[in-house]
Asks: 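Sending over a structure as structure tokens; questions will come in a sec.
All heavy atoms count here, side chains included; hydrogens, waters and symmetry mates do not.
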Amino acid sequence: MPKHLRYYALLFQSLFILPMAEANEWDWVPRESLSESQQATLGQYCRGAYVDSWQVVDGDNTHLLADLIYRDEQGTLYMEGAATLRQPLSELDADTIKGVPGDYYQAQGNVALRSKGQVIRSDNAYISTAEGNQSAQFDNARFLAHDSRLRGEAGQIARNKEGLIFIKEGFYTTCEPGEDSWQLYGSSIELDTDSGFGTAKHVQIRVHDVPIFYFPWLRFPLDQRRQTGFLFPSFGFSGKQLTLSTPYYLNLAPNYDATITPNLVIPIVSEDSNDKDDSGQGFDIELRHLGQYGKTQYEQSTFYDNHGNEGTLRKFTSDQQLTQSFGIGAYLEDNPTENVEPDVNNTSIQEEDNYERRGYARYNLGNFSSNVQVRRFQTPDPTEDKPLEWLPRLSASYRYADTRYSYRPDVEFTDFYEPDKEGSDGKRMVLNQDINISTGNAWGQATAGVLHQYRDYSLHNYDTKQDKDTSVNHLSYYLDTSVVFDRRFNTDWRQTLEPRVNYLYAPYEDQSDIPDFDANEMEMTYGQAFSHRRFSGNDRIGDTEQVALGLESRLYNGNNINRWTFQGGQVFYLRDRKVDIDGETGNVVDSSHHSPVLTTAAYNGDNFTLANHFNYDFDEDRVDLAQTALKYTPDSGFVFNLSFSYLHDDNEDDMTKQSSFGTIIPINENWHFFHQQSYDWIDREQTAQVEGFGYENCCVKTSFSYQRWRDNDGQFDEGVFLQFILRSLSGVGRTNSDIDTIADDYWNQGKVGY
């Protein structure tokens, strides 16, 4: 018997656009009947899996099984009644099989042809095994690929002697049996397994049998080989606009490619509405190159409104690791259209006040690391202050630590340039050295150290047109001590109690001649109370003599997981502070004898987390800081987020008092309702509002929401947003990039099964 079925193993390697009708026809196993390891591979909403129980036969023999097998005088083979023709790579089953070995086989009634991970069923099949003319044809076929979960149906599927596969009136989907949330249908589909791509005519994407997209012609890949052609388009509508984007992918070479995406915006308004001007067209470009040493990427988004006004953003990134220790890179952003941005932008470029342009090189070896950067900015709006630029910045650091000693030197040189030519710029040399010695055991630890901070400046003042050199050489001294007490209670729980004492002495040194290039005052929290520096950046060295007292307690459960953390402390100042961010130093800027009481409380549960920060000033009888963040995510799919933030400032315009609430509520197994609102208690207005519904199953995910928000200009906007994903096919719709919403949690972060 000839090895006729081996010629058709290639047929099934490409049948991932293949169909099926009812679950009991196929190798479908419900979730509850799967093993634990098999269930672990399923998504939350998948009800089962296709399990291929067919096994490859050892050896090269052909096996024939039927109720009746005979051969006529002309050599024609007849197999009648539960006929099976089994080869090592495939198996053909039918009610009857007729054929001439080495020429053809014809199967009728309940035809099933299997290979590993593939199965095709049909009413009739004709398979030619003649040398040089191996071809096949199946009528009323239904197909399945187990691993990819792709199934479908076709009026006819055929394979010619060149290996091309033709499908007439066919569709495919990844939805489970009995659930056709989406289908891709084509009146004529041609598959070329050698080149790895297929083409289809009169293509429709159907959602619950309703056509939502139509393509006269479509080219698509059959395997992992990249192919030039159109990708699936995306569309969206929000309020007054319909947006359509149709990406076209160019496979230019094995190591570089390009994607060009035309964008079209059509207003959905009446003829006499002024909003009809909100239309236009544009394009996005993405070029990618993967070389021997790293990646390079260029992006551009350009859009023209119906008046011909152009908005363009551009971005170039490259990072190259030339040796194991040495690398270089560049990051360049650009807005060449005078502060006008594209209305439609599918790239990673963001609208910003200042567009960064940076080149860098790095060298790292063991505990030593170094970096050199040149950083400049483009500020399209001439009314905006331009940031300081680095021309260049060089930095190096080294880390040494063992059980007793630690030494951490940092060196930095920066040539600051002020593009507005106002105030001061110049060159700054920085040397920071932190040297300490520690001793301790399981119940306590003490660390004594010295922090050396040296600054040397060569400054130019644009207002006075004068040059000046100045420097600061400063030593700070600190002693950190802590003791750990440990006890067990309720048999399983363990509690620690850790008193902490920190002494810090940083003597005052005049810094009136030093400008503020990058200094910021750090927010006073429990963690900051034990820091050895009052300011971030390298332009201010805070003066203080203080003692920080703290008490920490942690609760561990029987699995040694830290569930509760409580911290409370206060800083007691032994001297007045004379150094502030701005202005001359020397005058007292803070004469308080102690800080507010600083507290934190946090709970870390399996599906519930709570974090609280609370600072209270007993001298002023006021709350300085209050922050609460609560998140509850039980296994039921319910999500509850609550946050509140209050920050006192003597300037009421700079005070913060805001709250946010968001929730996702399961309605049933597949439907969810989500809601979010944010409120500003100072302005007494709602700053964001989101309501919507989401639907999800194993092959589709959809959300529909109404959103109202305040934009960067302080104006309120609103819109209706629709998104959906056809799993294994495409994601379409539009999201709101102006705010972070609970809808994004539902959609992108997998909070409800995605």
Side-chain angles (χ1 to χ4, degrees), residues 408 410 430-438 446-457 470-482 499-552 567-599 613 615-625 647-651:
R408 296 182 297 172
D410 297 291
V430 173
L431 172 61
N432 294 321
Q433 300 182 89
D434 192 342
I435 309 168
N436 63 60
I437 181 172
S438 299
T447 301
V450 176
L451 177 62
H452 175 222
Q453 300 175 85
Y454 174 76
R455 312 286 186 264
D456 184 78
Y457 293 84
T470 186
S471 64
V472 177
N473 194 23
H474 189 274
L475 290 176
S476 300
Y477 310 91
Y478 60 87
L479 176 65
D480 294 330
T481 62
S482 63
R500 295 184 61 183
V501 179
N502 167 269
Y503 172 77
L504 172 64
Y505 175 54
Y508 166 77
E509 186 159 346
D510 182 62
Q511 299 166 55
S512 302
D513 294 336
I514 295 176
D516 174 20
F517 291 143
D518 58 13
N520 287 288
E521 189 166 4
M522 291 184 278
E523 193 68 44
M524 179 56 72
T525 62
Y526 179 85
Q528 175 58 27
F530 296 90
S531 172
H532 305 142
R533 300 178 62 175
R534 281 178 52 204
F535 303 102
S536 64
N538 284 312
D539 286 315
R540 279 292 186 265
I541 301 174
D543 64 314
T544 186
E545 185 176 7
Q546 65 186 47
V547 176
L549 303 180
L551 184 64
E552 302 180 14
Q567 297 173 323
Q570 193 171 20
V571 180
F572 296 88
Y573 300 106
L574 308 181
R575 296 179 180 226
D576 295 337
R577 274 75 64 211
K578 300 179 181 180
V579 177
D580 206 350
I581 291 289
D582 300 317
E584 296 183 355
T585 64
N587 297 322
V588 175
V589 296
D590 188 348
S591 60
S592 58
H593 298 296
H594 48 75
S595 72
V597 175
L598 314 169
T599 67
H613 301 274
N615 297 352
Y616 192 83
D617 190 330
F618 283 94
D619 290 342
E620 300 293 336
D621 194 21
R622 72 177 183 221
V623 175
D624 274 7
L625 179 142
L647 182 62
H648 173 80
D649 196 285
D650 293 334
N651 185 350

Asks: Just by distance, no angles: are the side chains of Asp619 and His593 close enough, under 3.5 Å, to form a donor-acceptor pair?
Replies: no
Asks: Can a side-chain donor-acceptor contact be found between Tyr457 and Asp513 if the only test is distance below 3.5 angstrom?
Replies: no
Asks: Supply the atom-to-atom distance Gln511 CD to Glu584 CD, rounded to the nearest 0.5 angstrom.
Replies: 12.5 Å
Asks: So which heavy atom on Asp456 is nearest to which on Ser471, and how close?
Replies: OD1-CB, 3.6 Å
Asks: Which atoms form the tightest heavy-atom contact between Ala548 and Ala529, and what is the distance?
Replies: CB-O, 3.5 Å
Asks: Using a 4.5 Å cut-off on heavy atoms from C-beta on, say whether the side chain of Val501 contacts that of Tyr503.
Replies: no
Asks: Please report the C-alpha distance between Leu647 and Asp649 in whole Å, then the side-chain angles of each, then the deciding distance to 0.1 Å, and finally whether the side chain to side chain contact (heavy atoms under 4.5 Å, CB included) criterion is met.
Replies: CA-CA 7 Å; Leu647 182 62; Asp649 196 285; 6.0 Å; no
Asks: What residue among Glu552, Arg500, His613 forms side chain to side chain donor-acceptor pair (under 3.5 Å) with Tyr526?
Replies: Glu552
Asks: Answer whether the closest heavy-atom distance between the side chains of Met524 and Leu598 falls below 4.5 Å.
Replies: yes
Asks: Tyr616: which residues meet the ring-ring contact (aromatic ring centres under 6.0 Å, His included) condition with it, sequence neighbours left out?
Replies: Phe618
Asks: Does some side-chain heavy atom of Thr585 sit less than 4.5 Å from a side-chain heavy atom of Tyr508?
Replies: yes
Asks: Is there a side-chain contact between Arg540 and Asp516 (heavy atoms, below 4.5 Å)?
Replies: no
Asks: Between the side chain of His474 and the main-chain N/O of Pro507, is any donor-acceptor distance below 3.5 Å?
Replies: yes
Asks: Once rounded to the nearest 0.5 Å, what's the spacing between atom CG of Asp590 and atom CG of Asp576?
Replies: 8.0 Å
Asks: Between OH of Tyr478 and CD of Gln546, what distance do you get to the nearest 0.5 Å?
Replies: 14.0 Å
Asks: What distance do Glu509 atom CD and Lys578 atom NZ have between them, rounded to the nearest 0.5 Å?
Replies: 12.5 Å
Asks: Measure the spacing between CZ of Phe535 and CG of Asp518 and express it to the nearest 0.5 Å.
Replies: 12.5 Å
Asks: Among all residues two or more places apart in sequence or in another chain, which pass the side-chain hydrogen bond (donor to acceptor under 3.5 Å, both in side chains) test with Ser595?
Replies: none
Asks: Hey, are the side chains of Thr481 and Leu479 touching, using non-hydrogen atoms and a 4.5 Å cut-off?
Replies: yes
Asks: If we ignore angles and hydrogens, is there a donor and acceptor under 3.5 Å between the side chains of Asn432 and Arg455?
Replies: yes
Asks: Please answer whether the main-chain N or O of Ser438 pairs with a side-chain N or O of Thr447 as donor and acceptor at a distance below 3.5 Å.
Replies: no
Asks: For residues Arg577 and Ser592, determine if any side-chain heavy atom of one lies less than 4.5 Å from a side-chain heavy atom of the other.
Replies: yes
Asks: Find out whether His648 and Asp624 are in side-chain contact, i.e. whether some heavy atom of one side chain is under 4.5 Å from a heavy atom of the other.
Replies: yes
Asks: Could you tell me which non-hydrogen atom of Asn615 sits nearest to which non-hydrogen atom of Thr525, and how far apart they are?
Replies: ND2-CA, 4.5 Å
Asks: Run the ring-ring contact (aromatic ring centres under 6.0 Å, His included) test against Phe517 and tell me which residues pass, sequence neighbours left out.
Replies: Phe416
Asks: Is any side-chain heavy atom of Asp410 less than 4.5 Å from a side-chain heavy atom of Val430?
Replies: no
Asks: From Arg533 CZ over to Ile541 CD1, what is the distance, rounded to the nearest 0.5 angstrom?
Replies: 8.0 Å
